[in-house]
2 protein chains.
Amino acid sequence: MVSASSSDLIPLVRKLESITQLTGEERQALESLPAAIRLMQPRQDIVRDKDRPEHCCLVLSGWTYRYKLLSEGKRQILSFHPPGDLPDLQSLHLHVMDHNLATLTACRLAFIPHEAFRDLTNRFPGLGAALWRDTLVDAAIFREWMTGIGRRTAFGRIAHLFCEMYLKLHSVGLATSHRCELPFTQVDIGDALGLSNVHVNRVLQEMRGKGLITLQGSRLVIVDWGALSEAGEFDPTYLHLRAGETA
Amino acid sequence: MVSASSSDLIPLVRKLESITQLTGEERQALESLPAAIRLMQPRQDIVRDKDRPEHCCLVLSGWTYRYKLLSEGKRQILSFHPPGDLPDLQSLHLHVMDHNLATLTACRLAFIPHEAFRDLTNRFPGLGAALWRDTLVDAAIFREWMTGIGRRTAFGRIAHLFCEMYLKLHSVGLATSHRCELPFTQVDIGDALGLSNVHVNRVLQEMRGKGLITLQGSRLVIVDWGALSEAGEFDPTYLHLRAGETA
DNA sequence: CGGATGGTTGAAGGGACTCAAAAAAGGTGG
DNA sequence: CCACCTTTTTTGAGTCCCTTCAACCATCCG
């Protein structure tokens with residue numbers, strides 16, 4: 001457990017700048033947040049349902065994800081978080097966790113005390129608004145996922161997920177030219193979209209067959225963005241990206 | 001379009017007090033927010049996808065709901081809002097709407113300028129935190145709905161919805177002794193839970209048959225709370241109610 | 001090279017859907 | 001207060017998307 005140097009928190013700055021504009025002063029204040037760095041293995045819980053964390057977790061490298069567990073081992077994945085994300089920022093004002101947060105891959109994580117965030121938002125109301133906005137985008141993504149799970153076909157859901165993931169990565173400079181690394185298994189995709197892994201597998205083959213994507217291991221290439229986003233009825237408005245980048 | 005008197009905004013105070021504690025000063029500041037009152041007919045859009053509202057809508061009486069539209073007339077309902085709710089509070093920091101807000105029943109609504117909210121949160125940081133918290137609870141409910149739609153049976157989903165609705169109403173003093181008014185049609189329930197109205201109808205009959213509920217018109221009576229909440233695997237943690245009320 | 005994890009395939013079944021029509025309930029106005 | 005129209009609920013029949021179960025193959029890694 002080491003404490004962070006100011007360059008460590010750059011992914012956070014980049015993330016917030018993807019959805020809002022920051023002043024130089026605000027950027028500096030963010031970078032000098034106190035944070036404890038920790039390395040974690042893949043598939044480890046970071047915070048659990050019913051916990052009362054005193055810190056927020058920032059992803060510096062690797063991926064994390066949030067999930068709920070139901071009876072008979074059923075799992076619903078709520079979100080995937082690449083570097084720069086604050087996957088449990090909501091714990092700043094919701095004191096009890098209502099879901100789990102875990103690593104997907106090996107991760108480098110920064111833990112920032114709630115106290116430091118509260119101090120930060122007091123001194124910089126603009127940053128307070130930016131963080132609030134971040135949690136609102138989070139909620140907007142939940143709404144979109146709900147809509148997908150409730151009303152889209154399996155094919156549409158997966159197409160939509162791929163479009164969203166690519167655009168999110170692109171907006172923080174972690175992907176270009178319709179290629180990215182998505183380190184999820186087919187079971188993960190199923191649990192995120194309310195599908196069985198078997199069906200995910202079949203739909204992926206169909207997508208490859210139609211020449212929409214390439215997917216080997218965790219490397220996704222979106223071969224035909226137009227067709228894929230059409231299949232998923234993908235409209236990026238809900239991501240509320242600053243530049244309104246579309247693809 | 002009349003402007004509000006201070007007693008008009010009491011439902012808002014009650015709602016915020018269901019999830020947080022307010023000081024006398026804060027309560028007073030809330031009640032003296034400037035607001036324009038408007039009456040609306042049932043099933044009218046209040047704010048539409050892609051709009052850029054300058055006001056937040058507060059429900060004074062009646063119900064509103066949020067929804068998204070997809071191709072071929074498919075609809076996903078995202079939330080239902082009884083009196084006291086601020087169903088588009090997110091528009092304070094997300095400037096473009098990514099879904100629609102509409103009346104479910106005839107409504108009395110108050111429209112409060114964003115400007116007034118910004119001023120309020122500047123003068124009373126505690127109220128800023130309370131409103132932020134409100135949007136976080138909103139997001140927590142989305143997560144729970146996602147989980148239901150993705151991983152629960154039709155029976156479990158409907159059971160869960162009824163438990164949630166009753167508890168939300170109870171927390172603001174709009175329901176007691178396991179009875180409440182839910183003015184949704186079976187089509188609405190289906191569009192909220194990712195089901196067809198036909199199937200909703202059959203599940204409701206099954207619920208009545210098992211003696212879990214009574215439902216005539218819009219009057220719901222939860223006859224067997226224990227069995228219903230068990231069927232829906234209902235755990236109220238995600239509602240983040242202040243008293244931690246369970247039933 | 002063997003053990004583990006993740007991906008692929010086949011077969012069979014079921015939960016929920018669609019379509020279509022009838023019955024019931026809810027206004028509304030004469 | 002009843003006739004009429006609309007909306008909502010209910011019912012039946014047939015279908016399909018996706019699931020479950022089970023096995024097999026591929027890939028990765030120490």
Side-chain angles (χ1 to χ4, degrees), chain A residues 41-44 63 65 70-77 103-106 148-159 161 181-209 213-220 231, chain B residues 41-44 63 65 70-77 102-106 148-159 161 181-209 213-220 231-232:
Chain A
Q41 296 295 312
R43 307 283 174 177
Q44 305 294 310
W63 286 71
Y65 71 110
L70 282 80
S71 66
E72 298 160 43
K74 287 194 293 266
R75 178 178 69 152
Q76 176 66 46
I77 290 182
T103 59
L104 194 58
T105 65
I149 300 173
R151 288 292 178 230
R152 268 191 257 271
T153 64
F155 197 98
R157 280 179 233 183
I158 297 178
L161 178 69
E181 294 279 331
L182 299 182
F184 335 135
T185 66
Q186 294 180 359
V187 174
D188 293 330
I189 295 176
D191 283 349
L193 302 180
L195 299 167
S196 71
N197 60 328
V198 174
H199 199 56
V200 169
N201 182 279
R202 288 179 173 135
V203 171
L204 287 177
Q205 291 179 52
E206 193 186 344
M207 278 187 175
R208 284 188 273 239
I213 62 161
T214 270
L215 181 61
Q216 348 187 22
S218 61
R219 171 154 239 89
L220 171 72
Chain B
Q41 296 295 310
R43 306 283 173 176
Q44 306 293 312
W63 286 71
Y65 71 109
L70 282 81
S71 67
E72 299 161 45
K74 289 194 293 261
R75 178 179 67 154
Q76 176 67 46
I77 291 182
T103 59
L104 193 58
T105 66
I149 300 172
R151 288 292 178 229
R152 267 191 258 272
T153 63
F155 197 98
R157 280 180 233 183
I158 298 178
L161 178 70
E181 294 279 331
L182 298 183
F184 335 135
T185 67
Q186 294 179 1
V187 175
D188 293 330
I189 296 176
D191 283 349
L193 302 180
L195 299 168
S196 71
N197 60 328
V198 174
H199 198 57
V200 169
N201 183 278
R202 290 181 170 132
V203 171
L204 286 177
Q205 291 179 53
E206 193 186 344
M207 277 187 176
R208 284 188 273 240
I213 62 160
T214 271
L215 180 61
Q216 348 187 18
S218 62
R219 171 155 239 89
L220 171 71

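Values reported hereafter were calculated over all heavy atoms of this structure, with side chains retained and with hydrogens, waters and symmetry mates removed. None of the values given here were measured: they were computed from a predicted structure. Lettering follows sequence order; numbering is per chain, from 1.
One interatomic measurement links the two molecules: CG of A:Leu104 to C1' of C:dG6, which rounds to 14 Å at whole-angstrom precision. A straight line from CD1 of A:Ile149 to P of D:dT19 spans 12 Å, rounded to a whole angstrom. Between the C1' atom of D:dT19 and the CZ atom of A:Arg157 lies a distance of 13 Å, rounded to the nearest Å. Atom CD1 in A:Ile158 sits roughly 15 Å away from atom P in D:dC17 (whole-Å rounding). For B:Asn197 and C:dT18, the CG to C1' distance is 10 Å, given to the nearest whole Å. For the pair A:Arg219 CZ and D:dT27 P, the computed distance is 18 Å after rounding to whole Å. Taking atom CD of residue B:Glu72 and atom P of nucleotide C:dC17, one finds them 15 Å apart after rounding to whole Å. Straight-line distance from the CD1 atom of B:Ile189 to the P atom of D:dT9: 8 Å, rounded to whole Å.
Listed candidates were C:dG10, D:dT10, C:dA16. Nearest to the side chain of A:Val198 is C:dG10. Looking at the side chain of A:Ala154, the nearest of the listed nucleotides D:dC18, C:dG7, C:dA16 is D:dC18.
A:Asp191 pairs in a side chain to side chain donor-acceptor pair (under 3.5 Å) with only one of the listed residues (A:Arg75, A:Lys74, A:Gln76), which is A:Arg75.
Side-chain contact check for A:Ser218 and A:Glu181: at least one donor-acceptor pair (N or O, by modelled atom type) lies under 3.5 Å.
Among the heavy atoms of the strands lying under 4.0 Å from B:Gly194 are primed sugar atoms or P, OP1, OP2 only; no base atom is included. Backbone-only engagement by B:Thr185 is indicated by non-hydrogen atom pairs under 4.0 Å involving sugar-phosphate atoms exclusively.
Using a 4.5 Å cut-off on side-chain heavy atoms (C-beta onward), A:Arg208 and A:Leu204 make contact. Between B:Leu104 and B:Arg43, the closest side-chain pair of non-hydrogen atoms falls below 4.5 Å. Side-chain contact check for B:Arg157 versus B:Val203: every heavy-atom pair is 4.5 Å or farther apart.
Closest heavy-atom contact between B:Thr105 and B:Trp63: OG1-N, 3.0 Å. Closest non-hydrogen pair, A:Ile77 versus A:Asp188, comes out as CD1-O, 3.6 Å.
Of all the residues in residues 199-209 of chain B, B:Asn201, B:Arg202, B:Gln205, B:Arg208 reach under 4.0 Å from DNA chain D with at least one non-hydrogen atom.
Between A:Arg151 and A:Gly217, the residue whose closest nucleotide on DNA chain C is further toward the 5' end is A:Gly217.
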